[in-house]
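This is a predicted model, so every value here is computed, not measured.
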Amino acid sequence: MYRDTLLFFDALLLALTVGRSFWATIGESPFGMSGRTYVDFFQHLDQRIHQPIAFIAMGGTLLAGLAALAFRDQRRPFLLLVTACALGIVASVATATVNVPINKIIATWDPAALPAGYEDHLRRWWMWHQVRFAALFVATCAVFLAMLTRNPSARVH
C-alpha cells in the first residue's frame with residue numbers, strides 16, 4: 001500500500017509541475033508579446049509561483065527516488081522511476097543554474113525601460129525552459145508507465 005501511495009503522490013507532484021511548464025510553453029512565450037508586457041507579466045507571476053513550484057518540483061523528484069527504492073524488487077518500475085528521478089534532477093539543475101538566475105535579473109528590470117540586449121536573456125531562459133519541460137514531460141510519463149507496469153500483488157521484502 002505504501003508503494004502505491006508513493007507512486008500516487010509522485011505522479012501528482014510531477015503532473016502539477018509539468019502542467020505548469022506546459023502552460024508556460026504554450027501561453028507565456030516571451031516572443032509572443034512586447035518586451036514591456038512580458039517583463040511586467042513575468043515579474044508579477046514569478047513572485048507568486050517561484051516558491052510553491054520549487055517545492056512541488058523537488059517533491060516530485062524526491063518521491064520518484066523514494067519510489068524507485070520501494071520498487072527495487074520490480075525491474076521495470078524501478079528503472080522507470082530511476083529515469084523519472086534522474087530527469088527531475090536534470091530539470092531542477094537547469095532551473096537552479098540557468099532559469100532562476102535569469103529570473104532574478106528580470107526581476108530588476110523596469111518594464112518601461114528594458115536594458116539593451118534583454119532579448120538575449122529571454123532567449124536563453126526560453127531555451128532552458130524547453131529543456132526543463134522535456135525532462136519533466138518524460139519523467140511524468142515514466143512515472144505513469146511505472147504505475148501501469150508494477151505488479152501490485154508482489155510482496156515487499
Side-chain angles (χ1 to χ4, degrees), residues 4-68 71 76-77 79-150:
D4 289 341
T5 302
L6 271 175
L7 275 179
F8 172 81
F9 283 107
D10 183 27
L12 177 64
L13 293 179
L14 283 174
L16 287 169
T17 307
V18 76
R20 171 66 192 113
S21 187
F22 177 72
W23 178 250
T25 297
I26 64 168
E28 299 171 19
S29 168
F31 310 110
M33 57 187 92
S34 72
R36 179 182 183 149
T37 300
Y38 178 78
V39 169
D40 187 49
F41 165 77
F42 185 87
Q43 287 174 342
H44 287 90
L45 178 68
D46 192 56
Q47 289 175 351
R48 289 180 177 87
I49 70 166
H50 74 272
Q51 288 179 337
I53 201 70
F55 174 78
I56 292 167
M58 288 187 288
T61 299
L62 176 64
L63 287 180
L66 293 174
F71 280 91
R76 183 169 289 147
L79 292 174
L80 288 164
L81 292 163
V82 166
T83 299
C85 182
L87 290 169
I89 291 169
V90 167
S92 295
V93 168
T95 300
T97 61
V98 180
N99 295 100
V100 169
I102 294 172
N103 292 354
K104 290 179 180 181
I105 292 168
I106 294 172
T108 67
W109 293 347
D110 177 357
L114 295 173
Y118 78 93
E119 299 97 339
D120 293 337
H121 289 289
L122 299 183
R123 276 195 237 4
R124 187 163 186 247
W125 186 95
W126 189 251
M127 181 186 74
W128 284 98
H129 169 70
Q130 298 306 309
V131 169
R132 170 176 58 190
F133 171 63
L136 290 168
F137 182 81
V138 175
T140 303
C141 290
V143 171
F144 289 150
L145 286 171
M147 293 172 90
L148 293 172
T149 61
R150 79 194 192 294

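Put simply, the side chain of E28 reaches to within 4.5 Å of the side chain of L45, judged on heavy atoms. Annotation: side chain of R20 is not in contact with side chain of L16 (no heavy-atom distance under 4.5 Å). Looking at heavy atoms from C-beta onward, F144 lies out of side-chain contact with L80 at the 4.5 angstrom threshold.
In the displayed structure, W128 atom CH2 is contacted under 6.0 Å by at most 12 heavy atoms of other residues, nucleotides or ligands. With a 6.0 Å radius and a threshold of 12 heavy atoms from other residues, nucleotides or ligands, F55 has its CZ atom at or below the threshold.
The line from CZ of F9 to CG of L14 is 13.5 Å long, rounded to the nearest 0.5 Å. Atom CZ of residue F42 and atom CH2 of residue W125 lie 5.5 Å apart, to the nearest 0.5 angstrom. Annotation: the span from R123 atom CZ to I102 atom CD1 amounts to 12.0 Å, rounded to 0.5 Å. Within the model, atoms OG1 of T17 and CZ of F137 stand 14.0 Å from one another, a figure rounded to the nearest 0.5 Å. Atoms CG and CG, on D10 and L81 in that order, are 6.5 Å from each other to the nearest 0.5 Å. Between the CG atom in N103 and the CG atom in D46 there is a gap of 4.5 Å [rounded to 0.5 Å].
Of all heavy-atom pairs spanning L114 and G35, the tightest one is CD1-C, 3.5 Å. Between M147 and A11, the shortest heavy-atom distance links the atoms SD-CB, 3.8 Å. Shown here for A24 and W126, the closest heavy-atom pair between the two residues is O-CH2, 3.5 Å. Nearest heavy atoms, T61 versus G88: OG1-CA, 3.3 Å. When all heavy atoms are compared, the tightest approach of P101 to V98 is CD-O, 3.3 Å. Annotation for A84 and V143: closest pair CB-CG2, 3.6 Å, computed over non-hydrogen atoms.
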| request: Go through F71 and L7 one step at a time and tell me if the side chain to side chain contact (heavy atoms under 4.5 Å, CB included) criterion holds. | output: CA-CA 10 Å; F71 280 91; L7 275 179; 3.6 Å; yes
| query | Could you walk me through whether D4 and R150 pass the side chain to side chain contact (heavy atoms under 4.5 Å, CB included) check? | reply | CA-CA 9 Å; D4 289 341; R150 79 194 192 294; 2.7 Å; yes
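Panel note: side chain H129, backbone N99; no donor-acceptor pair is recorded below 3.5 Å.
A donor atom on one side chain and an acceptor atom on the other are not found under 3.5 Å apart for H121 and R124.
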